[in-house]
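In this text, all values refer to a predicted model and were calculated from it rather than measured experimentally.
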Amino acid sequence: HDLGNLMLGRTAARRKELAIRTALGAGRARLVRQIVTEAVVLAAIGSALGLMFAWWATRLFIRIGGDSIPRPDAVAIDARVMLFTLAIAVVAALLAGIVPALQASRPAVVESLREGGREGGSGASRRTRHVLIAAEVALAFVLLAGAGLLLRTLWSMQNVDRGFSLSRIATMRLSLPGSAYAGPPEVRAFYSRLLERVRALPGVESAATGTGVLMPLLANSGIMTIEGRPPTSGPQIEYPREIVSPGYFETLGVTLAAGRTFTEQDHAEAPLVTVVNETFARSAWPDQDPLGRRVKFGGAQSKAPWLTVIGDVRVLRRSDDVRRAVRPEVYMCALQNPPRSQMLLVRTGTDPNAVVASVRREVQAINPQLPLFAI
């Protein structure tokens with residue numbers, strides 16, 4: 001629209017010149033070609049400048065966004081973008097050039113000469129400009145409304161209460177080989193010793209382990225049997241589960257709704273316990289106290305042991321998409337069921353990156369062959 005208004009204004013100012021060319025024998029097709037060619041040149045220059053700015057802005061946004069931008073290597077100005085820009089430039093040039101070209105090349109030579117170069121052109125030219133201006137203003141309002149809604153949505157998503165905080169937390173993963181850690185006692189002893197050493201590091205406020213920080217929705221999930229509820233004949237629900245150490249919820253800043261979280265007293269010889277989120281508690285025992293209830297993994301005939309609910313935590317919105325509804329989730333104690341591969345979470349008082357080297361030294365002091373990854 002801007003290009004169209006520009007071309008209309010320019011051709012209006014050149015009406016006398018074009019009328020003289022027509023009087024001297026210039027054909028209408030030649031005048032149309034001239035004006036359309038000028039529009040194509042303008043569009044090509046504008047597209048080239050736009051591509052240069054887009055390339056610079058893309059590099060800047062990737063540098064600012066860092067790891068928060070998914071697949072930054074795929075964000076680039078490639079051949080497809082250039083071809084699309086070229087096509088848009090040609091279409092815009094044709095649309096913006098043909099209308100003023102046809103108006104300027106009409107056989108109204110005597111009328112144009114009589115106007116004596118009067119600004120503004122004919123009534124038809126002014127009406128065309130008015131239509132383009134009205135369309136431009138209308139589209140601008142639509143664009144502003146859409147941009148406003150997008151910004152409001154992004155702001156709302158950034159301020160959604162996730163139920164936890166990853167501020168000043170360093171995360172890293174370890175995986176214990178079976179050759180050096182044969183069974184659960186060895187795995188449990190390693191992680192307990194590591195947490196003890198990490199919690200004693202300067203600047204560390206708390207530390208814990210878990211199978212992940214809100215793993216994808218179907219990771220570590222399974223069907224469950226809820227004591228006292230009759231089995232359903234339809235499809236069975238899979239509940240996400242995470243195995244976490246004592247201090248996990250405190251490190252993430254999760255709010256406890258009822259009961260308690262895991263402690264060092266929930267060891268391998270203690271009764272098996274579990275913590276559920278509010279969504280699980282509401283769906284399994286609506287309007288009832290979930291504490292003391294029992295659940296087990298597998299169907300009704302499963303030989304899995306029963307787990308007693310000792311705590312009910314506020315819902316934690318998973319980090320993959322805050323728009324999703326919060327699913328019922330179950331947490332098991334790592335002291336009772338220690339997995340070989342765990343994620344270490346370390347909350348610090350200052351920059352969390354500064355503690356990574358110290359944590360690596362503590363790991364190597366226990367076992368020099370163990371690497372830290374996914375830092």
Side-chain angles (χ1 to χ4, degrees), residues 1-2 46-47 49-78 80-85 87-89 91-92 133-171 210 212-221 237-240 242 249 251-257 276-283 312-329 343 345 347 352-353 374:
H1 285 285
D2 290 334
S47 299
L49 292 175
L51 280 174
M52 291 174 60
F53 176 78
W55 181 87
W56 174 82
T58 300
R59 308 320 306 166
L60 177 64
F61 291 151
I62 291 176
R63 187 177 304 170
I64 294 175
D67 296 335
S68 63
I69 298 178
R71 297 182 60 206
D73 56 318
V75 183
I77 305 297
D78 55 11
R80 292 177 299 176
V81 176
M82 298 178 69
L83 289 175
F84 178 79
T85 305
I88 290 296
V91 172
I133 291 172
E136 184 175 357
V137 171
L139 288 175
F141 272 113
V142 173
L143 179 62
L144 285 174
L149 289 173
L150 176 62
L151 289 175
R152 181 179 178 182
T153 300
L154 289 175
W155 177 260
S156 299
M157 290 177 67
Q158 290 294 325
N159 289 276
V160 167
D161 182 12
R162 292 177 176 266
F164 67 99
S165 171
L166 290 179
S167 175
R168 297 180 288 106
I169 289 185
T171 63
V213 181
L214 307 180
M215 296 290 284
L217 288 174
L218 293 180
N220 301 327
S221 61
I237 301 175
E238 284 199 3
Y239 296 95
E242 290 185 8
F249 299 106
T251 300
L252 285 177
V254 179
T255 303
L256 185 64
V276 299
N277 69 350
E278 286 183 308
T279 307
F280 188 103
R282 284 195 298 265
S283 63
D312 178 12
V313 295
R314 302 289 185 189
V315 293
L316 280 70
R317 292 191 174 273
R318 293 183 174 272
S319 55
D320 56 353
D321 192 347
V322 297
R323 297 169 299 176
R324 291 180 180 269
V326 178
R327 292 185 60 180
E329 295 173 357
M343 178 174 285
L345 295 85
R347 180 179 291 277
N353 293 310

ask   = Taking C-beta and beyond as the side chain, do P328 and T279 meet within less than 4.5 Å on heavy atoms?
value = yes

task = Measure the shortest side-chain to side-chain distance between L166 and L252 over non-hydrogen atoms and say whether it is less than 4.5 angstrom.
result = yes

Please report the interatomic distance [atom1]([X]) to [atom2]([Y]), rounded to the nearest 0.5 Å.
| X | Y | atom1 | atom2 | answer |
| --- | --- | --- | --- | --- |
| R327 | E238 | CZ | CD | 7.5 Å |
| L139 | L143 | CG | CG | 8.5 Å |
| M52 | I77 | CE | CD1 | 12.5 Å |
| L51 | T85 | CG | OG1 | 4.5 Å |
| R168 | T251 | CZ | OG1 | 11.5 Å |

ask   = Under the 3.5 angstrom rule, does the side chain of D312 hit a backbone N or O of F280 as a donor-acceptor pair?
value = no

message = Quick check against the 3.5 Å criterion: does R282 have a side-chain atom that pairs as donor or acceptor with the backbone of N277?
response = no

inquiry  = For a quick test of reading the model, state the closest non-hydrogen atom pair linking E278 to A257 and the distance between them.
reply    = OE2-CB, 3.7 Å

request  = Identify the two heavy atoms, one from L316 and one from V313, that lie closest to each other, and give their separation to 0.1 Å.
outcome  = CD1-CG2, 4.4 Å

query = Under 6.0 Å from the CD1 atom of I237, do we count more than 12 heavy atoms belonging to anything else shown?
reply = no

